[in-house]
Amino acid sequence: MTKELPKAYDFKSTESRIYAMWEAGGYFKPWNDPNKPGFDPNVEPFVISIPPPNVTGELHLGHAMFVSVEDLMIRYHRMKGYPTLWVPGTDHAGIATQLMVEQNLLRTEEVTREELGREEFLKRTWEWKKKYGSIITTQIRRLGASCDWDRERFTLDDGLSRAVREAFVRLFEKGLIYRGPRLINWSPGLKTAVSDLEVEYSEEDATLYYFKYMLKDSNNFIPVATIRPETILGDTAVAVHPEDERFKKFIGKTAIVPVLGREIPIIGDEYVSMEFGTGALKITPGHDPNDYAIAHKHNLPIISILDEEAKVNENGGKYHGLDRFEARKQLWADMNEARLVIKTEPYRTTIPRSQRGGEIVEPMISEQWFVQIEPLAKAALEAVKDGRIKIVPERFEKIYFNWLENIKDWCISRQLWWGHRIPVWYCPEGHMTCTREDPTQCGTCGSKDIHQDEDVLDTWFSSGLWPFSTLGWPDETPDLKYFYPTSYMETGYDILFFWVARMIMSGLEYTGVAPFHTVYLHGLIRDEHGRKMSKTYGNVIDPLVVMDELGTDALRFTLLVGATPGNDMNLSVKKVESNRNFANKVWNAGRFVINAINTLQPGAEPGDYTLADSWIWARLQNLIRDVERQFQNFQYGQAGQQIYDFLWSDFADWYVEVAKGQLQDDATKHQTTITLARVFDMTLRLLHPFTPFVTEEIWGHLRSALRDSPLHDLHKSQPEALIVARWPTPRQAEGWEAEKIADFELIQEIVRSIRNLRAEKNVAPSRKIAASISAGAKANLLNEQSKVIASLAGLDHKLFTINSSLKDKPADSAALVVGSVEIYLPLAGMVDLASEKTRLEKELKEAGSHIQRLENLLNGDFAQKAPPALVQKERDKLNAYKETAEKIKAQLK
RNA sequence: GGGCGCUUAGCUCAGUUGGUUAGAGCGUCUCGUUUACACCGAGAAGGUCAGGGGUUCGAGUCCCUUAGCGCCCA
């Protein structure tokens, strides 16, 4: 006999042990492996590449979310029999990691990366990575992630670096990569260029500065307004609308740049809005994207006035060396002195800020590398439009289209050290050499005097290759051949552009196929009132703390069931708590089942199914069917909810309660135990992808209980672990199901109505009371179920009679009417005739309103136009209400 | 400026080919230590499904519109 199981599920002593068991058992690895003997290339695998977390990161709820969803997808497919592969790994995360290491160096050794030098700094960063890089993967394991850890990859490891190199060289050779001075977003804090996506716009209070642009040799001026006066230093024109009556006379004349005294032209361009500001626009092509476009159109010179720290450079005259904001102040003061100032006013505008550093980003002219994105974007658009890739939920397809249709070239160079260095070498002649192997001489002139480009690639360039680079690309490895393209891409919608779109573009470009066929996007997690979690608010929920306190299953179940695809979810610890209770419920239902198995004596024949047995089976079949449908439609939350309801309400609250009686009876004990064991087993299977730990643990106990019991046959049909147990398949309905369900539901209604009355009349739960039932056509059914009704409703079975009709209505009793069934509870001394009358009248009124409603319905067009089956259903209902009403009326006489 | 999402019980949310009296968890109230579980059980209260209009035999669900909140893109 197995030892007594504790009353409460102890996740603390369970989770790590179960995880180790899974890993040791090799269950995380695909059963069909192209690198192993017996491999069958014709079996379709199911593959997900993990969204690689930052190697220096620490687990947050976003990770918990994607691990929960992806692990669910993986476990489900594994149980369905697919060879499943979930490829784990981490991202070097250029900016984030470099910043972290820099800050640490500054704090501990008081050195900057510049002082250390590139080589030494990289050495330190690798050391950092080795030291801390496994924290995140350890934490991901705690969530139960069933990844194939032997296939773990890192975006900067040798293989992936080779993939990056190959990808870059291919694009270069195709002419899709170019280098040149362009207006880019410059992050002065990070001292690097960033892509458009890495700039966030926030609406903030600013000041609009109005001033005079004096005309050359004249006292006339054009009033101009700007948010950034310091950019005046870089102005190369003043533009007005050609139709503007106020200013069009000035077109072609010359204006004088304040303080600097430079002469610039006044031009006409329809881009200028006559309504905005003063109706005239200063043109600073070196520091504004719109001005840059106008400058191109009018062949204006471009002047850059800021250096890499956003200090004014030599083009700023006397302001050279000042910080941009300091320069703004001084210049404005000087202009005030020169009587060029008109006024200032508060103004609300959008300010571009660096996603990473938070400081204001400056548009700047800079020499950078770009991917000519249009051809790639076109292919990526096609792949979703023609259905090769499906995005769930669908509405994100529109967003995806919109982005790709308006996409601009991708700035891929970063002025960082931590990352993949751009594989281009220059000779003194300025020739570029871009090769797969490091060159020793210039590919054009043969000069040995070559040096490599200093910049590294945008982190997302390497993550864009992730689904295939992790499988060995560019080599045609067995893994790549078998597992690529992958199946689902699951991630948060916030990186649809950053990552998903780029993977699709890269996948199509380099491998010729879409890297996955389905994109599933989950929402972001907010606090319980929908606020963003942030350290300053103090509303951050740490998944590690939650797991420590309430268990991994509880957290997973909360994330999976509380959310719908693509929608943000509000998380509260309360929800996790109630799901901790659910895990405990699973555990205890299991303890009950196991106890029944342990006390089963050998030799007995399984008897017939009772009504409850048939009912729970039929309900389980419905559940299996529903869950399957929901999984196909990515309705995981709905599926989880239904399993929860089945286990808690149908199985625990009803079936187990009935089973307690059936286990007392030798005639039904055996079959009841079988039903308990099998239904519970199936339920655990359905639940396993949601709450893997508690289900695996209790299933293990169930299995060993079966092994040592007369139900050994059931044990033999089980595999050695739930993680690899077969996913339940719905059976063909056999025809009896609906009737058994209806019959049992009648029992439930009778029981509920008796319980209700008892509660109303304050009958002590321990007190067994008498009852007599007039059951009409249901007399046989109720007689068969009399024990069930008696025990669930607290009736004294000896004082409980069921007849098809009663000659006399029992005196001094309360009457209940359930459909055509009348129930009399003789509650001597407790029945107050007046209140009984009120109660029955209330019920009659309710039945009457239903009758009214249904009669109206059936007399209308509904009867002609609705499906006949539905009409019949409503007719039956009407008849039932009529019958109920009749019975109540009889009571009231 | 363009697009998208949300608005359902006190709180947080489910509700996907339109079809019972709109559900759950938490919270509230009443009762209960019935040997699986008090991390529990039984019962109860609580909703004009944001407002308006339309399509339909039938609308929380589809269409139009208004408002509030949130997000994305420019």
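Protein chains get the first letters and strands the later ones, always in sequence-line order, with residue 1 at the start of each. The analysis underlying the following values was restricted to heavy atoms, covering all of them including side chains, and did not include hydrogens, waters or symmetry mates. The shown structure was predicted, so the numbers you read here are calculated from the model rather than taken from an experiment.
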Has [X] got more than 12 heavy atoms of other residues, nucleotides or ligands less than 6.0 Å from its [atom1]?
{"X": "A/K877", "atom1": "NZ", "result": "yes"}
{"X": "A/Q864", "atom1": "CD", "result": "yes"}
{"X": "A/E855", "atom1": "CD", "result": "yes"}
{"X": "A/E374", "atom1": "CD", "result": "no"}

Next on the checklist: Measuring to OP1 and OP2 of B/rA44, would you say a side-chain N or O of A/N756 lies under 4.0 angstrom away?
Outcome noted: yes

Checklist entry - Does A/K575 make a side-chain N or O approach to OP1 or OP2 of B/rU12 shorter than 4.0 Å? => result no

Interatomic distance at [atom1], [N] relative to [M], whole Å:
{"N": "B/rU20", "M": "B/rG58", "atom1": "P", "value": "15 Å"}
{"N": "B/rU7", "M": "B/rG60", "atom1": "C1'", "value": "12 Å"}
{"N": "B/rC29", "M": "B/rU66", "atom1": "C1'", "value": "40 Å"}
{"N": "B/rG10", "M": "B/rA50", "atom1": "P", "value": "14 Å"}
{"N": "B/rU21", "M": "B/rC49", "atom1": "C1'", "value": "15 Å"}
{"N": "B/rA45", "M": "B/rU28", "atom1": "C1'", "value": "8 Å"}
{"N": "B/rG15", "M": "B/rA59", "atom1": "C1'", "value": "14 Å"}

Checklist entry - In chain order, what residues pass the side-chain contact (heavy atoms from CB on, under 4.5 Å) check against A/K7, with sequence neighbours excluded? => result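 side-chain contact (heavy atoms from CB on, under 4.5 Å) check on A/K7 returns A/R591.
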
Next on the checklist: Checking A/R758 now: which residues fulfil side-chain contact (heavy atoms from CB on, under 4.5 Å) with it, not counting sequence neighbours?
Outcome noted: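 With neighbours one apart ignored, the set is A/I754, A/V763, A/I769.
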
Checklist entry - For RNA chain B, what is the dot-bracket line, given that a base pair needs Watson-Crick (N1 to N3, plus N6-O4 or O6-N4) or G-U wobble (N1-O2 and O6-N3) geometry with both distances under 3.5 Å, and | means paired with another strand? => result (((((((..((((.....[...)))).(((((.......))))).....(((((..]....)))))))))))).

Next on the checklist: With ring pair (Phe, Tyr, Trp, His ring centres under 6.0 Å) as the criterion, how do A/Y636 and A/Y520 come out once you've worked through the C-alpha distance, each side chain's angles and the decisive distance to 0.1 Å?
Outcome noted: CA-CA 12 Å; A/Y636 303 118; A/Y520 176 99; 5.8 Å; yes

Considering only [options], which nucleotide approaches the side chain of [X] most closely?
{"X": "A/A8", "options": "B/rC39, B/rG32, B/rG15", "answer": "B/rC39"}
{"X": "A/F497", "options": "B/rC72, B/rA14, B/rC37", "answer": "B/rC72"}
{"X": "A/R752", "options": "B/rA36, B/rG43, B/rC39", "answer": "B/rG43"}
{"X": "A/R526", "options": "B/rC71, B/rC39, B/rU21", "answer": "B/rC71"}
{"X": "A/Y644", "options": "B/rU12, B/rA36, B/rG25", "answer": "B/rG25"}
{"X": "A/A759", "options": "B/rC37, B/rC40, B/rG43", "answer": "B/rG43"}

Checklist entry - Going by modelled atom types, is there a donor-acceptor pair between the base of B/rC37 and the side chain of A/K585 at under 3.5 Å? => result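 It does, because a donor-acceptor pair links the side chain of A/K585 to the base of B/rC37 below 3.5 Å.
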
Item to check | Check: A/R580 side chain, B/rC39 base, donor-acceptor under 3.5 Å | outcome: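 Such a pair is found, so the answer is yes.
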
Please tabulate the protein-to-nucleotide N/O contacts below 3.5 Å involving nucleotides 54-61 of chain B, giving atom names and distances.
unit_1 : atom_1 : unit_2 : atom_2 : d
B/rC57 : OP1    : A/K865 : NZ     : 2.5

I'd like to know if [X] and [Y] make a salt bridge, using a cut-off of under 4.0 Å between side-chain N and carboxylate O.
{"X": "A/D626", "Y": "A/R629", "result": "yes"}
{"X": "A/D288", "Y": "A/R228", "result": "yes"}
{"X": "A/E628", "Y": "A/R625", "result": "no"}

Next on the checklist: Taking the cut-offs as 6.0 angstrom to the six-membered ring centre and 45 degrees off its axis, would you call A/R619 and A/W654 a cation-pi pair?
Outcome noted: no

Can you see whether [X] engages [Y] through a side-chain donor-acceptor pair at a distance of less than 3.5 angstrom?
{"X": "A/Q872", "Y": "A/D876", "value": "yes"}
{"X": "A/N588", "Y": "A/Y9", "value": "no"}
{"X": "A/Q642", "Y": "A/Q638", "value": "no"}

Next on the checklist: Can you tell me how far apart CD (A/E15) and OG1 (A/T552) are? Round to the nearest 0.5 Å.
Outcome noted: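 Nearest 0.5 Å value for the CD-OG1 distance: 3.5 Å.
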
Tabulated below should be each protein N or O lying under 3.5 Å from an N or O of nucleotides 3-11 of chain B; please produce it.
unit_1 : atom_1 : unit_2 : atom_2 : d
B/rC4  : OP1    : A/K398 : NZ     : 3.0

Checklist entry - Where along residues 870-881 of chain A does a heavy atom come under 4.0 Å from RNA chain B, residue by residue in number order? => result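 A/L870, A/K877, A/Y881 - these, ordered by number, are the residues of the stretch whose heavy atoms sit under 4.0 Å from the strand.
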
Item to check | Nearest-Å distance for atom pair CG/P, residues A/L5 and B/rU35 | outcome: 19 Å

Next on the checklist: Between A/W403 and A/T564, which residue's closest nucleotide on RNA chain B lies nearer the 5′ terminus?
Outcome noted: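 In this pair, the answer is A/T564.
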
